[in-house]
2 protein chains.
Amino acid sequence: MARRTDITAADTALNIRREAVRLFAQYGYAAVSMRKIASAVGVMPGALYHHFPTKQDLLMCLLSEHMERLHIAWDTHKADCSFETLDASAQLSSFIAFHIRYHIALPEDVFISMMELRALDAGHFAKIEQSRHAYEQIVKDILMRSPEQPQMKIDDVHVTAMAILSMLTGITGWFNQKGRLSEDDIVACYCRLGARMTGQEPAHTQNRQFDTHLTPSLSIRS
Amino acid sequence: MARRTDITAADTALNIRREAVRLFAQYGYAAVSMRKIASAVGVMPGALYHHFPTKQDLLMCLLSEHMERLHIAWDTHKADCSFETLDASAQLSSFIAFHIRYHIALPEDVFISMMELRALDAGHFAKIEQSRHAYEQIVKDILMRSPEQPQMKIDDVHVTAMAILSMLTGITGWFNQKGRLSEDDIVACYCRLGARMTGQEPAHTQNRQFDTHLTPSLSIRS
DNA sequence: GTCTATAAGCGGATAGAC
DNA sequence: GTCTATCCGCTTATAGAC
């Protein structure tokens, strides 16, 4: 067969990233060899090194691009729901809905971004950790505005923020697209839980309506 | 130096388990070689195979013993706090306190039990997964008794149980023994959060007293 | 029960042809 | 941009001496 000119270098680089994400998520970074990635992509091992100088660089690329996409998606979501005009209670529900939908859509990226931080060398780790902290700060900033809301009562902003984030991120561990609960059901459940965790009475939250849907831009993946 | 008769085979096996837990927690199962474990223990690599036939068996031993100790500790805690006599609300606080204290005391065992499940082969995985489900069922059983409690309101037992467990297990990711909050502070915060997540009004939970301390048996480690 | 020594193969990464 | 071929250190695991 003649050389396929319909497959570009950019395609191969994208295939490498996609297969690497899949394999790292399933088996872990250390357990996946460059040979296995090459085999999944359909190229010889040496070809990978034309696109990524080392295995470590490949991992760092996956994690940094994931964090970058996450922040961009959040900024887009903020703009689309006029986030700054919402009160703290509505902001929290808006964040919860965004976080759940984004994480359910990209479970493998999320998974390796949690699990493989320790596989990064010091410099790379610091960069990703900074980006993670910035994301956590979103929740803390929302909770710190709670004193403006008479129906919100928070004992400890830091603990409550970490509890909410852990609770949300844990969803990817058990959620099944074909299971009993739809994505909308999950979002509704967790918005209620988030409201309760921030001291809002069930009576106040039962009948509130939130714009909990993501903007279409989220579904675009590089 | 003559052969040290004060070091027995049981000591070596214990040292292997301890160093393996530490190294697996820090770098991950796949990233840690038998050579590194042997070096940490202070023996030659071949000696490890006298105690564990394969690396996989060593991992399975660590995980199965962790789950076994966890269930035994829970049974002991249940007996010591007369668990069956408590109402559902107090049972939940009792469980939360137990879970937090146990997990803070053994963060490395907990960590590898979450992270290295995928490193187990199919048969071993099934056994550990069964034990994990049994532990999750503890929370579901408590929540399913909530209809007896007029102050408890739960939308979905499964979701609420998973949310509580994720929230609790996430603590090990950020808790620092020397940080701003003591273990007691954390337990108090999370008992409050757990109460709120199960629909209990802040006014109801603010002044309640729970026996949130673990029994002494927990501090014993094989 | 631990040692020395080694088998047999996989690991990341590179050089140079095409 | 991908291939073939290869370097060489490290991997799990075993055999037999002590």
Side-chain angles (χ1 to χ4, degrees), chain A residues 1-21 23-24 26-63 112 116 118-124, chain B residues 1-21 23-24 26-63 112 116 118-124:
Chain A
M1 183 166 29
R3 177 175 171 185
R4 296 182 59 174
T5 52
D6 57 329
I7 296 182
T8 69
D11 286 333
T12 302
L14 187 57
N15 285 336
I16 292 169
R17 284 200 289 267
R18 182 168 48 233
E19 294 302 322
V21 164
L23 290 167
F24 289 167
Q26 185 166 2
Y27 302 107
Y29 171 78
V32 175
S33 66
M34 294 295 266
R35 282 173 166 79
K36 283 181 191 138
I37 297 169
S39 171
V41 173
V43 296
M44 289 292 112
L48 300 181
Y49 291 89
H50 178 76
H51 303 276
F52 301 95
T54 68
K55 188 185 176 190
Q56 170 78 201
D57 288 320
L58 171 55
L59 175 63
M60 181 57 185
C61 175
L62 300 179
L63 298 194
I112 66 170
E116 302 301 350
R118 62 179 168 189
L120 293 173
D121 52 37
H124 289 151
Chain B
M1 184 166 23
R3 179 177 170 184
R4 296 182 60 175
T5 53
D6 58 327
I7 296 181
T8 69
D11 285 333
T12 302
L14 187 58
N15 284 337
I16 292 170
R17 283 200 290 266
R18 182 169 49 232
E19 294 303 322
V21 164
L23 290 167
F24 289 167
Q26 185 166 4
Y27 302 106
Y29 171 78
V32 175
S33 66
M34 293 297 262
R35 278 175 161 76
K36 283 180 191 140
I37 297 169
S39 171
V41 173
V43 296
M44 288 293 110
L48 300 181
Y49 291 89
H50 178 76
H51 303 276
F52 301 94
T54 69
K55 189 185 175 189
Q56 169 78 199
D57 288 321
L58 171 56
L59 175 64
M60 181 56 185
C61 175
L62 299 179
L63 297 194
I112 65 170
E116 303 302 348
R118 62 181 167 188
L120 292 172
D121 52 36
H124 289 151

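Letters A, B, ... mirror the listed sequences (proteins, then strands); counts begin at 1. Note that the coordinates shown come from a computational prediction; the quantities given were computed from them, not determined experimentally.
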Spacing between B:Tyr29 atom OH and D:dT12 atom P, to the nearest angstrom:
8 Å
Let me know the distance between CZ of A:Phe52 and C1' of D:dT2, rounded to the nearest Å.
16 Å
What pair of heavy atoms forms the shortest contact from A:Ile37 to A:Leu23, and how long is it?
CA-CD1, 3.9 Å
Between C:dG11 atom C1' and B:Lys36 atom NZ, what is the distance in whole Å?
12 Å
Side chains of A:Pro45 and A:Met34 in contact at under 4.5 Å (non-hydrogen atoms)
no
For B:Glu116 and B:Gly28, which heavy atoms make the closest approach, and how far apart are they?
OE2-CA, 3.2 Å
Residue pairs passing the side chain to side chain donor-acceptor pair (under 3.5 Å) test with at least one member in residues 43-59 of chain B, sequence neighbours excluded, are B:Thr54-B:Asp57, B:Gln56-B:His124
So what does A:Val41 touch, heavy atoms closer than 4.0 Å: a base, only the sugar-phosphate, or nothing?
nothing
For a quick test of reading the model: is some side-chain N or O of B:Ser33 closer than 4.0 Å to OP1 or OP2 of D:dT11?
yes
Would you kindly give the CD1-to-P distance between B:Ile16 and D:dT12, to the nearest whole Å?
14 Å
Short side-chain N/O contact from B:His50 to OP1 or OP2 of C:dT2, under 4.0 Å:
no
Using a 4.0 Å heavy-atom cut-off, write out nucleotides 13-18 of chain D from 5' to 3' as B (base contacted by protein), S (sugar-phosphate only) or - (no contact).
BB----
Is any side-chain N or O of A:Thr12 closer than 4.0 Å to OP1 or OP2 of D:dT2?
yes
Calculate the interatomic distance between A:Leu14 atom CG and D:dG1 atom P; express it in whole Å.
15 Å
Please examine the side chains of A:Tyr29 and A:Ile112, heavy atoms only from C-beta on, and report whether any two atoms are closer than 4.5 Å.
no
Is A:Arg17 close to A:Phe52 at the side-chain level, that is, under 4.5 Å between some pair of heavy atoms?
yes
Could you tell me how far apart B:Asp57 (CG) and D:dT12 (P) are, to the nearest whole angstrom?
14 Å
